[in-house]
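None of these values were measured; they are calculated from a predicted model. Chain letters run A, B, ... following the sequence lines, proteins first and then strands; every chain starts at 1.
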2 protein chains.
Amino acid sequence: MGTTKTDFFTDNQNELAILAKALGHPARIAIIEYLLKVNTCICGDIVNELPLSQPTVSQHLKELKNAGLIKGNIEGNAICYCINESGFEKIKVFFQHVTTHLEKRNNECC
Amino acid sequence: MGTTKTDFFTDNQNELAILAKALGHPARIAIIEYLLKVNTCICGDIVNELPLSQPTVSQHLKELKNAGLIKGNIEGNAICYCINESGFEKIKVFFQHVTTHLEKRNNECC
DNA sequence: TTTTTATATTGCAATATTACGATATAGATT
DNA sequence: AATCTATATCGTAATATTGCAATATAAAAA
């Protein structure tokens with residue numbers, strides 16, 4: 001009990017849920033928006049930008065990376081983070097799917 | 001401690017996070033996909049479709065409704081659920097924003 | 001009115017998430 | 001080598017989520 005019943009859902013459903021869940025925190029939305037603005041940055045930049053401690057930011061970065069939404073490359077001392085397009089591509093496909101379905105019918109609802 | 005520091009983020013960041021969080025579970029992705037297929041349905045239909053108990057499905061429906069992703073209308077005995085387009089519109093705008101930013105630069109990353 | 005049907009709510013156990021201080025790691029600088 | 005800089009990990013407390021049995025609610029059917 002308490003655990004998500006992952007086995008009973010499709011791989012695609014689980015993948016989409018993981019991607020959406022990773023974006024399900026305002027700090028992680030803020031990190032993505034910041035990365036869109038500055039293109040690349042290091043963890044310390046985000047620590048300066050957000051009202052969160054360094055360990056907390058590091059944890060959020062890890063979750064975004066595990067979900068496949070950002071990439072991190074070692075650059076000497078620091079780690080250079082940037083957006084991982086392929087992760088966003090997957091969600092985009094889902095939302096296009098939703099939009100296409102909704103456009104077909106004329107907003108008929110209950 | 002343990003609570004998300006909502007006050008330190010913008011309304012838009014919090015709203016997007018709430019929408020994404022609502023989609024951050026495979027059962028809720030499955031519910032949305034099912035609603036896309038059948039247009040409208042009642043809670044019992046989803047209980048038959050998913051490997052989850054009635055109270056659990058009811059709870060997931062509540063979360064999707066609170067986030068603004070589905071609508072529920074009382075129809076006699078039952079409640080008729082359907083997709084709420086305006087919720088999806090908000091996320092779509094966010095992803096368009098991401099896509100536009102990413103297309104501008106030529107995939108330059110770290 | 002009793003029963004059936006459809007959903008929501010309550011209460012609870014198991015697990016997951018959020019946040020941060022303290023500490024570890026690892027490359028750069030002096 | 002000692003120190004500084006940048007980030008990750010560990011440990012832990014507070015809170016949230018997931019799932020379901022039991023129960024409540026409310027309209028429909030008998």
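Within the structure, the salt bridge (charged side-chain N to carboxylate O under 4.0 Å, His left out) test picks out the following pairs touching residues 13-29 of chain B (sequence neighbours left out): B:Glu15-B:Lys90, B:Arg28-B:Glu63.
When all heavy atoms of A:Phe88 and A:Leu69 are compared, the closest pair comes out as CE1-O, 3.5 Å.
Taking atom CD1 of B:Ile74 as the reference point, atom P of D:dT25 lies 16 Å away to the nearest angstrom. Taking atom CD1 on B:Ile79 and atom P on D:dA26, their separation rounds to 11 Å, with Å as the unit.
B:Asn84 and B:Ser86 share a side-chain donor-acceptor pair at under 3.5 Å.
By the 4.5 Å heavy-atom criterion applied to side chains, B:Asn12 and B:Phe94 are not counted as neighbours. Counting heavy atoms from C-beta outward, B:Tyr81 and B:Ile79 have side chains that approach closer than 4.5 Å.
Contacts of residues 36-69 of chain A with DNA chain D (heavy atom under 4.0 Å): A:Ile42, A:Cys43, A:Gly44, A:Gln54, A:Pro55, A:Ser58, A:Lys62.
In this structure, B:Lys21 and B:Glu75 both approach DNA chain D, and ranking their closest nucleotides by distance from the 5' end singles out B:Lys21. With the nearest nucleotide of DNA chain D identified for both B:Arg28 and A:Ala78, A:Ala78 has the one nearer the 5' end. Summary of the strand contacts: B:Tyr81 and B:Asn77 both lie near DNA chain C, and taking for each the nucleotide with the nearest heavy atom, the more 5' one is attributed to B:Asn77.
Judged by distance alone, with hydrogens and angles left aside, the side-chain atoms of A:Asp45 form no donor-acceptor pair with the main-chain N or O of A:Cys41 at under 3.5 Å. Judged by distance alone, with hydrogens and angles left aside, the side-chain atoms of A:Asn73 form no donor-acceptor pair with the main-chain N or O of A:Cys80 at under 3.5 Å. Looking at B:Thr99, its side chain does come within 3.5 Å of a backbone N or O of B:Phe95 through a donor-acceptor pair.
Nucleotides of DNA chain C with any atom under 4.0 Å from a heavy atom of chain B span, from 5' to 3', C:dT5 to C:dC20.
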